[in-house]
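First the structure, in the form of structure tokens, and then the observations on it.
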There are 2 protein chains.
Amino acid sequence: MEYISQNVARNLKHIRKTRKMSLEDVAEQTGVSKSMLGQIERGESIPTVETLGKIVSGLRIPFTSLVNAANTDIIIVNKDELLPFKSMEGEYEFYEYFPYEESRTFEIYMMQIYPNRKNISGGHGENTFEYLTVITGTLTLEADGKIYEIKEGDSIRFPTHGDHIYANNTGEMVKFIITFTWN
Amino acid sequence: MEYISQNVARNLKHIRKTRKMSLEDVAEQTGVSKSMLGQIERGESIPTVETLGKIVSGLRIPFTSLVNAANTDIIIVNKDELLPFKSMEGEYEFYEYFPYEESRTFEIYMMQIYPNRKNISGGHGENTFEYLTVITGTLTLEADGKIYEIKEGDSIRFPTHGDHIYANNTGEMVKFIITFTWN
DNA sequence: TTGTTTTGTGCGTTATAATGTATATTTTTT
DNA sequence: AAAAAATATACATTATAACGCACAAAACAA
């Protein structure tokens, strides 16, 4: 799923419509072809930062007004359309549901680990924490030098300044949601 | 000349270096290939807004920190590398020196008009003005219902809420600088 | 309604973004 | 110094952004 270009699509169309401009008007004013503008609005193509620059410059709007989601927006993240951000065949998969965004102070991920596999994660800096809830299976977590067993439905908060290990020591898949935060 | 991607190039490299990360580290953290990252930093390719999104999200930095020029930067605009934003063969050419940017309250352009040609411009909204200085030749300007002759070296400020016409009624080329502002 | 104009979409082509692998370069270690 | 490791660039390939032109759809007028 393409987050940002969908924002651009919606925002651009909205701005154009409220200004009562045609695609051709915008093309005229920005130097971007009207077919390209149409494709962008329909989400059919992902503009380069340079074309985006032409648009914001020509329309005299801030960059962020195209790129950001209106904060009233409902955002639905469809797992099937979500490509694993990080994964290793038969080991683990890591999905970004709500990755870093300037306006938020936390991030939400989902991770699944195959039977008898584990994933080692480096520290994320001082004063960072994870809130982890297991959806299915049992997770063995090693953090801050200690080992915890988190069962289906259970949840844990732990600091992530140092290395931590997500291990699946069972025969079934384990899935869990991570809310990552800082400060 | 590609403004924004040069900003991205510089800013990304700077952030990466101050964090003492390798291209591979960044690739790892953002999901963008290290060759792509290298090309971006060297200004060899212009990323799509989506790859830019992966970078800012992975690095946990605001969009604007990549896109904007550090406001201490010296910016040199080389006319030969500047492609005319708007032009008509044998009629006129219009160059953007400092186009719209959120942090500025004015824009600077250069325009040249061929002998005995003119260019008609629509209004730019209420409380907009142009400060126009003629570099070579004599410009005949029609604005706000009146006609003015601006000679080489002379300058004029006029409102641009309505149509205005830049005319070259002479046998030689006319060139002038426009500073456009509002409010 | 029908013709006329305006506005948006579809499509073929070209330019180039994005990737993976191989090579070069730099830095570190011995 | 050379050898080893880490890091950055070059290159070939694929995927797709960007464009121009032709067509379709919608809005407007007669």
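By convention in this document, chain letters (A, B, ...) are assigned in the order of the sequence lines, proteins followed by strands, and residues within each chain are numbered from 1.
An OP1 or OP2 oxygen of D:dA8 is reached within less than 4.0 angstrom by no side-chain nitrogen or oxygen of B:R42. The side chain of A:R16 places an N or O atom within less than 4.0 Å of a non-bridging phosphate oxygen (OP1 or OP2) of C:dG8.
Listed by chain and number, the residues in a side-chain contact (heavy atoms from CB on, under 4.5 Å) with A:P159 are A:F129, A:D144, A:H161 (sequence neighbours excluded). B:D25 is linked by a side-chain hydrogen bond (donor to acceptor under 3.5 Å, both in side chains) to B:S22, counting only residues two or more places apart in sequence or in another chain.
The hydrophobic cluster around A:I147 extends to none of the other residues, as no ILVMFWY side-chain heavy atom falls under 4.5 Å of it.
Using a 4.0 Å heavy-atom distance criterion, B:K17 is classed as a sugar-phosphate-only contact.
Within the 4.5 Å cutoff, no side-chain heavy atoms of B:V134 are placed close to those of B:D154. Side-chain contact between A:Y97 and A:M110 is present, with heavy atoms from C-beta onward closer than 4.5 Å.
Between B:R19 atom CZ and D:dT7 atom C1' the separation is 19 Å, expressed in whole Å. In this structure, the CD1 atom of B:I55 is 13 Å from the P atom of C:dA17, given to the nearest Å. As a whole-Å value, the separation of B:E41 CD from D:dT7 P is 14 Å. Rounded to whole angstrom, the span from the CG atom of A:L37 across to the C1' atom of C:dT7 amounts to 13 Å. Between B:L23 atom CG and C:dT27 atom P the separation is 14 Å, expressed in whole Å. Atom CD in B:E24 sits roughly 15 Å away from atom C1' in C:dT27 (whole-Å rounding).
Taking each heavy atom of B:K34 and B:E24 in turn, the nearest pair found is NZ-OE1, 3.3 Å.
Of the charged side-chain nitrogens involved, at least one lies within less than 4.0 Å of a carboxylate oxygen, so that B:E107 and A:R60 count as a salt-bridged pair.
With axes fitted over five pairs at each extremity, the angle between the ends of the helix from C:dG3-D:dC28 to C:dT30-D:dA1 is 30° (10° resolution).
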With a 3.5 Å cut-off and sequence neighbours excluded, list the donor-acceptor pairs that the side chains of residues 166-178 of chain B form with protein atoms.
unit_1, atom_1, unit_2, atom_2, d
B:Y166, OH, B:E130, OE1, 2.6
B:Y166, OH, B:E130, OE2, 3.1
B:Y166, OH, B:H164, NE2, 3.3
B:N168, OD1, B:T170, N, 3.0
B:N168, OD1, B:T170, OG1, 2.7
B:N168, ND2, B:I113, O, 3.0
B:N168, ND2, B:Y114, O, 3.2
B:N168, ND2, B:E172, O, 2.9
B:N169, ND2, B:T140, OG1, 3.3
B:T170, OG1, B:E172, N, 3.3
B:T170, OG1, B:E172, O, 3.0

Contact state string [nucleotides 16-26 of chain D, B base, S sugar-phosphate only, - no protein heavy atom under 4.0 Å]: -SBBB------
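For A:F180 and A:Y109, the ring centers sit 6.0 Å or farther from each other.
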